[in-house]
Every structure is written in structure tokens, then in C-alpha cells.
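The next block holds one structure in the form of C-alpha cells; read it before the comments.
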Amino acid sequence: MALIVQKFGGTSVADPAKIKAVAERVLRTKKQGNQMVVVLSAMAGETNRFVDMAGQMQEQPDEREFDVLLASGEQVTIALFAMAVKGMGGDAVSLLGDQVKIVTDSVHTRARIKSIDTSLINKHLKENRIVVVAGFQGVTEADDLTTLGRGGSDTTAVALSAVLKADMCEIFTDVEGIYTTDPNVYAAARKIDRITYDEMLELASLGAKVLDIRSVGMAKRYKVPLHVRSTFTENDGTWVVEENKNMESMLVSGVTYSRNEARITISKIHDIPGIASKIFTPISDAGVVVDMIIQNTRAGEMTDMTFTVPRTDYKKAMDIVRNLDIAGPDQVSGSEEIIKVSIVGVGMRNHSGIATTMFHVLAREGINIHMISTSEIKVSCVIDEKYTELAVRALHDAFSLEKDNQPEEE
Ligand code: ASP
Ligand code: MG
């Protein structure tokens with residue numbers, strides 16, 4: 001008998017008929033002799049609807065009340081789901097975050113889980129019930145409701161899997177798994193069977209949206225095997241697991257891109273100690289996360305500083321830079337028409353020449369690279385946005401990602 005945690009996202013529980021279909025599927029797995037803990041999101045679109053209504057009450061909605069409101073979407077789906085199970089002759093119990101005692105810190109709208117009490121869940125499991133837990137929510141030590149940040153139900157599922165020592169955590173969604181690239185950009189994209197936590201972390205931070213990145217970090221820390229799969233088929237999805245020997249032969253696992261990028265350049269400023277701190281301290285104080293930074297030294301103790309910020313923070317960052325007393329208006333320039341394209345793979349660690357292949361492929365397509373950054377298992381290039389599709393497809397082809405198994409190195 002296995003203990004399985006299954007999480008279903010908003011599109012999987014979007015209406016009563018879908019909730020019933022999910023209940024039927026969970027019951028089937030239960031009848032195979034497994035203990036089941038189910039984590040649900042709100043119906044697709046609900047949480048956004050709440051955010052919108054909150055904005056009609058207060059320009060900056062009170063964060064405590066905002067969490068009370070946002071947590072309500074999951075209360076609806078878990079209750080309906082438990083009813084559906086009972087309607088089919090099974091037994092289920094719905095539990096809210098505060099009933100389970102998913103205790104978080106008090107940072108409303110993006111709280112972090114501190115502890116989870118397993119006793120109530122275990123009691124119901126022992127009594128042979130399907131336990132249905134509301135995703136995305138917790139409670140502070142002072143009994144205030146909290147939410148974990150948008151997309152936080154994945155994190156609830158992984159956290160429960162960790163404390164319950166579940167055999168696996170299955171994340172059900174509206175796609176078949178993790179793909180070698182975005183299938184909407186390139187139809188040759190292939191579903192990946194197995195991927196490491198580290199690769200998944202890179203893919204999630206570089207623009208892949210299937211899994212919430214915090215849940216991947218937690219799965220890695222607690223070694224929770226994750227299975228990302230579709231609610232609407234029986235097919236196996238993608239396993240996110242620890243690295244093993246076979247995986248090293250994969251040079252590149254995926255090509256990803258992010259459009260939420262913008263570039264800012266400050267040119268011909270004095271190259272003196274403290275200049276970087278002067279530029280980046282106010283930007284980070286404003287909550288803007290800087291990604292890549294390039295500093296070019298010019299002749300005569302002058303330097304150029306170029307960096308990228310999320311496109312959604314471009315105006316904010318530009319205003320800050322323009323108000324620094326280190327550069328005149330004509331020394332500051334920028335662009336919102338860039339993207340970041342990246343290749344990710346654990347095989348890069350033991351293999352040279354992957355980055356140069358990427359540069360060569362982009363050059364062959366006539367695509368200019370504006371900035372480059374690398375880590376042990378990824379290479380990212382900033383390019384003009386108009387080349388997004390071309391770059392993704394060319395890189396996908398160059399690393400033969402449409403094939404199931406890449407040739408092993410000699
Ligand atoms: N319902 C929440 C959201 O839309 C949490 C989740 O779905 O994971 O962000
Ligand atoms: Mg999600």
C-alpha cells in the first residue's frame with residue numbers, strides 16, 4: 001500500500017463535471033489499495049476574480065483580509081470534491097489549512113510554511129478516508145489565515161508529501177508534463193520522461209510555468225519524487241527526481257525562453273569603488289530583481305553598466321536610474337524588446353563546447369547576442385524579441401531534442 005499525494009490545478013477542477021471526473025479518478029487509485037491525500041486549487045479563474053473584486057473595495061487591499069478572501073476559492077473545491085466522492089459511494093473529508101494546522105509565518109499573500117501537524121490527516125487516513133486539503137493556504141501562530149503566493153497549491157502538495165513521507169507527489173495539470181520546449185512555439189517539442197530537480201529549478205526560473213518554483217525547491221530538499229501529468233489522459237507525465245548516472249548522457253534537456261525581460265544601459269560613468277552599489281541598492285530597495293549584469297571598462301577610467309530587470313519593473317527601474325546623480329539623461333538607454341533564451345541540462349557539467357554550440361547556432365541564424373550568462377547547468381543569451389521563435393527552434397534542432405535519447409558521448 002502506498003501513500004500518494006495528488007494535486008489538481010484550477011483547470012482540472014474548473015466546474016462541477018470536472019470535479020466529479022477527478023473524484024472518480026482518485027477513487028480508482030484508492031481502490032487499487034492506496035492511501036490518498038488530495039490537494040486542490042480553486043476553480044480556474046476564481047482567484048483572479050477575487051483579486052479583481054478586492055481592488056474594487058480598496059486601492060491597496062488590506063493584506064489580512066485579502067488572504068481571507070483568496071483562501072475561499074479552495075474551500076469551495078475541496079467541499080464539492082468530498083461530496084462527489086461520497087456521492088460515488090466513497091468516503092472523503094475536506095480540511096482547510098487551519099484545520100490541518102499548516103502553520104506559516106505572518107507574511108500575508110506570500111507566507112512560508114513553518115510546520116504541518118500530521119495527526120488529523122493520519123487519523124482520517126487510518127479510518128480509510130480520502131483526505132482533501134485546501135491548497136495555497138495556511139494559518140499563523142496568531143490564528144490569522146494566510147496564503148502562500150499565487151500558484152502556491154503545488155507547494156502545499158509537496159510540503160504535505162514531505163511531512164507525511166508520501167511515496168510520491170503527483171501534480172495533475174492541463175498539459176502532459178514538462179516539454180523540451182514550449183509546444184506552442186515549436187511543435188517538435190517532446191515530453192520529457194525524467195528530469196532532475198536542478199534542471200527543473202532552472203527551467204522554472206527561466207520561464208517554464210508548469211510547476212511553481214518554490215515547490216520544486218522543497219521537493220529537492222526533502223527528496224519528494226514529483227510526477228507532473230495530465231488530468232485528462234492516463235499517460236505517464238514527467239518525473240522530477242534526483243540525478244542518477246543515466247541522466248549524465250543528456251547534454252541538454254530543454255530550451256526555454258522568457259519574455260519578461262528588459263535591458264537598461266548606463267554609459268560612460270566613472271569607474272570608481274561604490275558605483276555598482278550606488279546603482280543597484282536603490283533598485284533592490286524598490287523590490288526590483290536584477291538578473292544579468294555586465295560592466296564594460298572603457299578607456300580613461302570610464303565604464304558602461306548594462307543589466308536586465310523584469311519587463312514588468314522596467315519603468316520603475318528606469319525612473320530610479322534616471323534619478324541617480326551619476327549620469328545625465330543621454331547616458332541612460334534601454335529596451336523592452338528583448339527576451340532571454342536558455343538551454344538547460346545537467347550533462348553540461350562534464351562536457352565542454354555546449355555554450356559555443358549555442359553561440360554558433362544563433363550566429364548561423366543571424367541572431368545577435370546582447371548578453372550572456374551561464375551556470376553549471378544552463379546557458380542564457382539575451383536576444384531581440386523578434387527572433388524568439390527562430391532561436392528556440394534552431395536550438396531545439398541543434399541539440400536533437402525531438403529525439404527520445406541523445407547520443408551518448410564517447
Ligand atoms: N488558487 C491559487 C492561485 O490561483 C493557488 C493555486 O492555484 O495554486 O494562485
Ligand atoms: Mg499552478
Side-chain angles (χ1 to χ4, degrees), residues 5-16 18-19 21-22 26 37-55 61 63-82 94-100 102 104-105 107-113 116 132-139 145-162 169-175 177-178 200-201 203-205 207-219 224 226-232 237 240 260 312:
V5 174
Q6 294 191 330
K7 179 258 169 179
F8 294 86
T11 49
S12 307
V13 293
D15 56 49
K18 292 209 170 85
I19 292 176
V22 168
V26 170
V37 173
V38 175
V39 175
L40 299 183
S41 289
M43 292 183 188
E46 277 295 87
T47 314
N48 288 340
R49 196 168 68 84
F50 298 150
V51 172
D52 182 66
M53 286 194 289
E63 293 199 326
R64 182 191 179 279
E65 305 311 330
F66 193 71
D67 276 350
V68 173
L69 174 67
L70 259 61
S72 67
E74 277 72 12
Q75 180 161 355
V76 172
T77 49
I78 58 168
L80 291 174
F81 178 91
S94 65
L95 296 174
L96 294 167
D98 58 328
Q99 292 176 290
V100 177
I102 299 179
T104 70
D105 62 20
V107 184
H108 283 291
T109 77
R110 46 178 199 288
R112 292 176 71 97
I113 298 175
I116 298 180
V132 198
V133 180
F136 175 56
Q137 56 180 257
V139 62
L145 297 188
T146 50
T147 61
L148 308 181
R150 297 304 304 274
S153 295
D154 293 348
T155 301
T156 304
V158 173
L160 283 172
S161 304
C169 178
E170 297 195 296
I171 306 283
F172 286 83
T173 179
D174 51 5
V175 293
I178 311 298
M200 194 60 233
L201 281 170
L203 289 175
S205 81
K209 290 174 203 77
V210 179
L211 275 180
D212 186 43
I213 189 161
R214 289 160 303 167
S215 71
V216 184
M218 192 180 285
V224 175
L226 281 182
H227 186 197
V228 184
R229 60 190 303 192
S230 167
T231 306
F232 308 110
V240 188
N260 188 15
T312 39

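Whatever order the structure lists ligands and atoms in, that order sets their numbers, starting from 1.
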Open item on the list: I'd like to know if D52 and R49 make a salt bridge, using a cut-off of under 4.0 Å between side-chain N and carboxylate O.
Closed with: no

Open item on the list: I need the atoms of ligand 1 closer than 4.0 Å to a non-hydrogen atom of E74, numbered in the order shown.
Closed with: 1 (N), 2 (C), 5 (C)

TODO: Taking the side chain as every heavy atom from C-beta outward, state whether V22 and F172 have any atom pair closer than 4.5 Å.
DONE: no

- [ ] May I ask you to list the atoms of ligand 1 that are less than 4.0 angstrom from any heavy atom of R150?
- [x] 3 (C), 4 (O), 9 (O)

TODO: Any atoms of ligand 1 less than 4.0 Å from a non-hydrogen atom of S153? List them with their elements.
DONE: 5 (C), 6 (C), 7 (O), 8 (O)

Open item on the list: Please tell me whether D67 and T147 have a donor and an acceptor in their side chains that are separated by less than 3.5 angstrom.
Closed with: yes

Open item on the list: For a 4.5 angstrom cut-off between non-hydrogen side-chain atoms, does L201 reach I213?
Closed with: yes

Open item on the list: Using a plain distance cutoff, I'd like to know if S41 has any nitrogen or oxygen under 3.5 Å from a nitrogen or oxygen of ligand 1.
Closed with: yes

- [ ] Please check if the side chain of T231 supplies one atom and the backbone of D174 the other of a donor-acceptor pair under 3.5 Å.
- [x] no

- [ ] Report yes or no: does a heavy atom of G151 sit under 4.0 Å from some atom of ligand 1?
- [x] yes

TODO: Please state which part of E46 comes within less than 4.0 Å of ligand 1, counting heavy atoms only: side chain, backbone, both or neither.
DONE: neither

TODO: Mark up the atoms of ligand 1 that fall under 4.0 Å of a heavy atom belonging to G152, in ascending order.
DONE: 5 (C), 8 (O)

Task: Sub-4.0 Å heavy-atom approach of G135 to ligand 1 - done: no

Open item on the list: Counting only nitrogen or oxygen atoms and a 3.5 angstrom limit, does D154 reach ligand 1?
Closed with: no

Open item on the list: If you define the side chain from C-beta out and look only at heavy atoms, does anything of H108 sit under 4.5 Å from T146?
Closed with: yes

Open item on the list: Quick one: does any side-chain atom of D98 pair with a main-chain N or O of L145 as donor and acceptor, under 3.5 Å?
Closed with: no

